[in-house]
Amino acid sequence: MTPQLVAPDVAFQQSYLEALLEFHAENRNLEQDETVIEHDFAGYVRYLHMQSTDERREGLVPESFYWLVDDDLYIGRVSVRHSLNNRLLLFGGHIGYEIRTSQRRKGYGTLILQLGLAKARSVGITRALVTCDDDNIGSAKVIEANGGILENTVLLNHRPVATRRYWIDVTG
Ligand SMILES: CC(C)(COP(=O)(O)OP(=O)(O)OC[C@H]1O[C@@H](n2cnc3c(N)ncnc32)[C@H](O)[C@@H]1OP(=O)(O)O)[C@@H](O)C(=O)NCCC(=O)NCCS
């Protein structure tokens, strides 16, 4: 099959939970409690869908989540923030993404950002801000492969590592 972006769906529960354990093993996504999510996976999927609407938590911009899957394999996640607030303008940007540990360095990171940029265009974004840690070589390569132009590298109070801020023209 061809990897594709889909809206979060209960059909991927088993593979998603396996991926979550991979992220936990490298101390990522620890805020996602596997037991809680497994207990009510449908509720978790509904929660993700709700983030793109006005029913999201106070102070957060609408954010659409998509999963990169191949057949029934969960590969990774990309999310598109529909607008920027002051915090996202410095760190976070319009698009966030991650590829599960076991599926890295196969081109999926480059693909998921490419597909995420098309989703950004569909919510009216013309220039997408994408940020990454200065020492995240893989992510910087993913952004540059997708046409990212580095605006600057900033040192933020709450971050131990400097943040690279790239812009990508999504009108083309
Ligand atoms: C960053 C991340 C998305 C890259 O995903 P990926 O599927 O490995 O990316 P790709 O396979 O498309 O690799 C793109 C390029 O980066 C390189 N690369 C990937 N990981 C790398 C690493 N850890 N060190 C050095 N180079 C790396 C690849 O070799 C490839 O190089 P090439 O274009 O010269 O061949 C993935 O490592 C990840 O999810 N990390 C944790 C979460 C994260 O950092 N998200 C991004 C936040 S800004």
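Numbering of ligands and ligand atoms starts at 1, following listing order. Please read all numbers here as calculations on a predicted model, not as lab measurements.
Between Tyr74 and Tyr16, the ring center distance clears the sub-6.0 Å criterion.
The main-chain N or O of Val36 is found under 3.5 Å from a side-chain atom of Asp33 such that the two form a donor-acceptor pair.
Gln103 and Asp70 are not linked by any side-chain donor-acceptor pair at a separation below 3.5 angstrom, with hydrogens and angles left out of the test.
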I'd like a table of donor-acceptor pairs (distance under 3.5 Å, sequence neighbours excluded) in which one partner is a side-chain atom from residues 75-84, with atom names and distances.
unit_1: Arg77; atom_1: NH1; unit_2: Ser79; atom_2: OG; d: 2.9
unit_1: Ser79; atom_1: OG; unit_2: Glu63; atom_2: OE2; d: 2.7
unit_1: Arg81; atom_1: NE; unit_2: Glu63; atom_2: OE2; d: 3.3
unit_1: Arg81; atom_1: NH1; unit_2: Gly92; atom_2: O; d: 2.8
unit_1: Arg81; atom_1: NH1; unit_2: Gly93; atom_2: O; d: 3.1
unit_1: His82; atom_1: NE2; unit_2: Ser64; atom_2: OG; d: 2.7

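Atom NE2 of His39 has 12 or fewer neighbouring heavy atoms from other residues, nucleotides or ligands inside a 6.0 Å radius.
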Dump the pairs for me: ligand 1 N or O, protein N or O, distance under 3.5 Å, to 0.1 Å.
unit_1: ligand 1; atom_1: 7 (O); unit_2: Gly109; atom_2: N; d: 2.9
unit_1: ligand 1; atom_1: 8 (O); unit_2: Arg105; atom_2: N; d: 2.7
unit_1: ligand 1; atom_1: 11 (O); unit_2: Arg105; atom_2: N; d: 3.4
unit_1: ligand 1; atom_1: 11 (O); unit_2: Lys106; atom_2: N; d: 3.2
unit_1: ligand 1; atom_1: 11 (O); unit_2: Gly107; atom_2: N; d: 2.7
unit_1: ligand 1; atom_1: 12 (O); unit_2: Thr110; atom_2: N; d: 3.0
unit_1: ligand 1; atom_1: 12 (O); unit_2: Thr110; atom_2: OG1; d: 2.7
unit_1: ligand 1; atom_1: 26 (N); unit_2: Arg105; atom_2: NH2; d: 3.3
unit_1: ligand 1; atom_1: 29 (O); unit_2: Arg105; atom_2: NH2; d: 3.4
unit_1: ligand 1; atom_1: 34 (O); unit_2: Lys141; atom_2: NZ; d: 3.0
unit_1: ligand 1; atom_1: 39 (O); unit_2: Ile99; atom_2: N; d: 2.8
unit_1: ligand 1; atom_1: 39 (O); unit_2: Ile99; atom_2: O; d: 3.3
unit_1: ligand 1; atom_1: 44 (O); unit_2: Asn136; atom_2: ND2; d: 2.8
unit_1: ligand 1; atom_1: 45 (N); unit_2: Tyr97; atom_2: O; d: 2.9

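Put simply, the side chain of Val45 reaches to within 4.5 Å of the side chain of Trp67, judged on heavy atoms.
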